[in-house]
Amino acid sequence: MTGGARPILVIGDVIDDIIVVPAGPIRPETDTLSTIVSTQGGSAANVAAWLGSLGAAVRFVGRVGAGDGPRHRASLEAFGVEALIDEDPVLATGRIIVIVDGDRRSFLTDGGAARSLSPAVLDDEQLDAASALHLTGHSMLDAWRRVDTAALIPRAKAAGLDVTVDPSSAGFLRDIGAQTFLDTIAGTDVLLPNRAEAEALTGEEDPRLAAEALLEIVPAVVITLGGDGVFVAERGERGVHLPAPRVRVVDPTGAGDAFAAGFLAARYDGADVTVAARRAIVVAAGALGRAGGRPIACGRPPHRLRAASGAGCGNAAARRLAAAGGVARPGERRDARPTPETRAGYRDRVPIEAPSAADLARAESLIAIVPDFPTPGINFRDITPLLADADAFRAVIDGLLAPFEGTYDVVAGIEARGFLLAAAAAVAGHAGLVPIRKAGKLPRPAASVDYALEYATATIEMHDDIAPGTRVLLIDDVLATGGTIAAAQGLVERLGGTVAGTAVLLELTALGGRALTGDVHALFTV
Ligand SMILES: O=P(O)(O)OC[C@H]1O[C@H](OP(=O)(O)OP(=O)(O)O)[C@H](O)[C@@H]1O
Ligand SMILES: Nc1ncnc2[nH]cnc12
């Protein structure tokens, strides 16, 4: 599948979430102090919001109660989503009460107006204009909507769309019956159940066996397994288990939707099912580390609907929930943080000139290869001889910065070797420096993410006070498996920044890191 300008079409539930975080165990027959926050949700709408925040073109079709259309439209448009939301004259907007108990959630669901939306509203013109179609199980609760869904999927296939379905609820699958659901989604390309849903659909607890059974119905299945990662199965291929990074869970609400969006966005960029699942893991990890079911609205300026953005910016509801659920290190946000406008020296910046090919070649020759470090079998690329040479050091700093002239506000470096390059680059580029540190080193509130690299696992953290929309140029020395950079990109986006670009000295192409990171400017490749 290729993206182009054709949007991913998402149709389904858009509702109001009422999220309840009790201060302790719920005490029947008396009060339990709780933090209660209202926010916009719905699985399909959340997927659309995450897709928009990831930069994909996305069109959402949904239905709410009379008078609620503008509010829900604005909240999705803030993420760059084209939101086609109509109003039901009779039914109120759907509501779900989410009771958060550690990493367990219970949902008390009243679908309301969302249940009066038929997938049949999508006409051929809309299908022809789209690149993919995503549906959630909430659209299949009622018999009449199942009939319409079953008719829509072949029409979408005939229009050339990739169809993905998230079953959304093990409880509802049990209510409607596994076979009924599977009959409804016939023709789907990729099914995205979680472990409980896969079990509800197949009776198999083991994801491998569940996937095997589901492959009888659909050509690809991606089963999310919470902290245990993801199981990816495609017809005719060996199933693959992908581990998940260990993340500090602030709020699990919407992580499955973030996963679905990460998966769809990667497919939109042309990734195969396994690579898309890897990228989705990174997006879902980001969602787990923050409160609320949707991304931070200011994270990435929406392309088409920039003027409409701003609703939900700063996400007060998410901050209240974070306070109730406990972020990594509670503390105050600093108000005096620098913004692109206040940062000194921006206007005086001297243009960086690209270094000559000869200077770069000389610099490259100074990178040493140390066999079997830090573990047997690893050819370690040692940049210290290059750093020790003033001309080579200057040449690579200019080479890292030159393509990004004028596009970034700060340079972020990843501990430890990334610091050496990023600090020099920040000075040369007249920009500030943001350190992305290994776990436990940053003194103020920080977001954190775990990841795997070529020879170890690690955790990186970043202070959570960058100004919304700050354009961050990420710099590191080596791109190997891509775990480090993908984790850093996720952190920046999660904290409301925009990744203006990513640059490394050296890319080890055989390790395929780009599949995780997307485009990276690599000065040297081996
Ligand atoms: O693409 P990946 O597989 O994630 O690997 C790349 C990372 O590996 C190294 O960091 P490392 O954590 O080894 O250590 P450092 O502290 O010496 O920079 C390197 O500096 C990159 O950050
Ligand atoms: N082979 C390698 N050499 C230096 N740094 C690395 N980071 C990950 N793999 C590496």
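Heads up: numbering here begins at 1 and tracks the sequence. Whatever order the structure lists them in is the order used to number ligands and atoms, beginning at 1.
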*For A480, the ligand 2 atoms whose distance to one of its heavy atoms is below 4.0 Å*: 8 (C), 9 (N)

*Does any N or O in the side chain of K438 come within less than 3.5 Å of the main-chain N or O of A458, such that one atom is a donor and the other an acceptor?*
no

*Which atoms form the tightest heavy-atom contact between Y268 and R6, and what is the distance?*
CE1-O, 3.2 Å

*At their closest point, which heavy atom of L400 faces which heavy atom of H521, and how far apart are they?*
O-CD2, 3.6 Å

*Pair R362 + D391: basic N to acidic O under 4.0 Å*: no

*Stepwise, does the side chain to side chain donor-acceptor pair (under 3.5 Å) test hold for T39 with D17?*
CA-CA 5 Å; T39 180; D17 282 342; 5.9 Å; no

_For atom 14 (O) of ligand 1, the option (of R437, R417, E507, R381) bearing the nearest heavy atom_ = R417

*Identify, by atom number and element, the atoms of ligand 1 in contact range of K438, meaning under 4.0 Å from any of its heavy atoms.*
11 (P), 12 (O), 14 (O), 15 (P), 16 (O)

*By number and element, which atoms of ligand 1 are closer than 4.0 Å to a non-hydrogen atom of V478?*
6 (C), 21 (C)

*Closest contact, heavy atoms only, R267 versus D162*: NH2-OD2, 2.9 Å

_Contacting atoms of ligand 2, where contact means under 4.0 angstrom from a heavy atom of R417_ = 4 (C), 5 (N)

_Side chain, backbone, both or neither: which applies to D476 and ligand 1 if a contact is any heavy-atom pair less than 4.0 Å apart?_
side chain

*asked:* Are any of the N/O atoms on A480, whether in the backbone or the side chain, positioned under 3.5 angstrom from an N/O atom of ligand 1?
replied: yes

*Does D477 reach ligand 2 with a nitrogen or oxygen that is under 3.5 Å from one of the ligand's nitrogen or oxygen atoms?*
no

*T484 contact mode with ligand 1 (heavy-atom cut-off under 4.0 Å)*: both

*Which option out of T481, L420, D477 puts a heavy atom nearest to atom 19 (C) of ligand 1?*
D477

_If we only consider heavy atoms of G482, is any one of them less than 4.0 Å away from an atom in ligand 1?_
yes

*asked:* With respect to A416, determine whether any N or O atom, backbone or side chain, lies less than 3.5 Å from an N or O atom of ligand 1.
replied: yes

*Give a yes-or-no answer on whether the side chains of T274 and D272 include a donor-acceptor pair shorter than 3.5 Å.*
no

_If the cut-off is 4.0 Å to any non-hydrogen atom of L508, which atoms of ligand 2 fall inside it?_
1 (N), 2 (C)

*Specify side chain, backbone, both or neither for E415, according to which of its non-hydrogen atoms lie closer than 4.0 Å to ligand 1.*
backbone

*What closest approach, in Å, do E197 and A170 show between heavy atoms, and which atom pair accounts for it?*
CG-N, 3.6 Å

*Using modelled atom types only, decide if a donor and an acceptor are shared between the side chain of H241 and the backbone of D228 within a distance under 3.5 Å.*
yes

